[in-house]
Amino acid sequence: MTQEVNGTADVDWDALRKTARDAMNRAYAPYSGYPVGVAALVDDGRTVSGCNVENASYGLGLCAECGLVSELQNSGGGRLTHFTCVDKHGEILVPCGRCRQLLYEFGGPGLLLETPAGVLPLSEMLPQAFGPGHLTK
Ligand code: THU
């Protein structure tokens, strides 16, 4: 077990990426032909994942991150600490803009994302984010 709850140095990104690849292999993407898988660590040590699920009514397709946040909430909630996303080749992929907002809700600015440019906090991938805090001002 190399993963340290809430830590950064010992996080096993390779293992997290493997979980994302496994999820990607379960994607339902017959319309785009673009399967995506995601995985994240939760602050209590859990791992959650998701894959995209498309629909014949194209606009109703669900990004992989939708499944991830649903699993997060339905398995006990908590905060996302580390996140990765892969394409059909298993290569690291950036999450789309809408999904950065989904991730912000459950991980905040400090959530660490594995990106093609290295590991970056969500604050750099979604600057000046709108979030739950705005609603309480
Ligand atoms: N997709 C995701 O699942 N997550 C992202 O962050 C990027 C895009 C999916 C949506 C659609 O099913 C396919 O990739 C092509 O856009």
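Atoms within a ligand are numbered from 1 in the order they appear, just like the ligands themselves. Along the sequence shown, the residues carry numbers beginning at 1.
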Next on the checklist: Under a 3.5 Å distance rule, please check whether R21 uses its side chain to pair with a backbone N or O of D87 as donor and acceptor.
Outcome noted: no
Next on the checklist: Does Y58, at its OH atom, have more than 12 non-hydrogen atoms belonging to other residues, nucleotides or ligands within less than 6.0 Å?
Outcome noted: no
Item to check | Closest protein heavy atom (residue, atom, distance) for atom 16 (O) of ligand 1 | outcome: Y34 CD2, 4.8 Å
Checklist entry - If you count the atoms of ligand 1 from 1 in the order shown, which ones are under 4.0 Å from a heavy atom of E65? => result 2 (C), 3 (O), 4 (N), 5 (C), 6 (O)
Checklist entry - With the threshold set at 4.0 Å, does a side-chain nitrogen-carboxylate oxygen contact exist between D22 and K18? => result yes
Checklist outcome for this item: Ranked by distance from atom 8 (C) of ligand 1, the top protein heavy atom is C63 SG, 4.1 Å
Checklist entry - What atoms in ligand 1 come closer than 4.0 Å to a heavy atom of V36? => result 1 (N), 2 (C), 3 (O), 4 (N), 9 (C), 14 (O)
Item to check | Sole residue of V38, T19, V86, N52 in side chain to side chain contact (heavy atoms under 4.5 Å, CB included) with M24 | outcome: V86
Checklist entry - Heavy atom under 4.0 Å from ligand 1: found in A64's side chain, backbone, both, or neither? => result both
Checklist entry - Do you see a protein non-hydrogen atom under 4.0 Å from atom 3 (O) of ligand 1? => result yes
Item to check | Gap separating the CZ atom of F106 from the CD atom of E65, nearest 0.5 angstrom | outcome: 13.0 Å
Checklist entry - Within the structure, does C96 bring an N/O atom to less than 3.5 angstrom of an N/O atom in ligand 1? => result yes
Item to check | Atom of V42, atom of G77 and distance for their closest heavy-atom approach | outcome: CG1-O, 3.8 Å
Checklist outcome for this item: Looking only at protein heavy atoms, what sits closest to atom 9 (C) of ligand 1 is N52 ND2, 3.5 Å
Item to check | ligand 1 atoms in contact with S32 (distance to a heavy atom under 4.0 Å) | outcome: 13 (C), 15 (C)
Checklist entry - Which pair of non-hydrogen atoms, one from L120 and one from M125, has the smallest distance, and what is that distance? => result CD1-SD, 3.9 Å
Checklist entry - What residue and heavy atom of the protein are closest to atom 12 (O) of ligand 1, and at what distance? => result E54 OE2, 2.5 Å
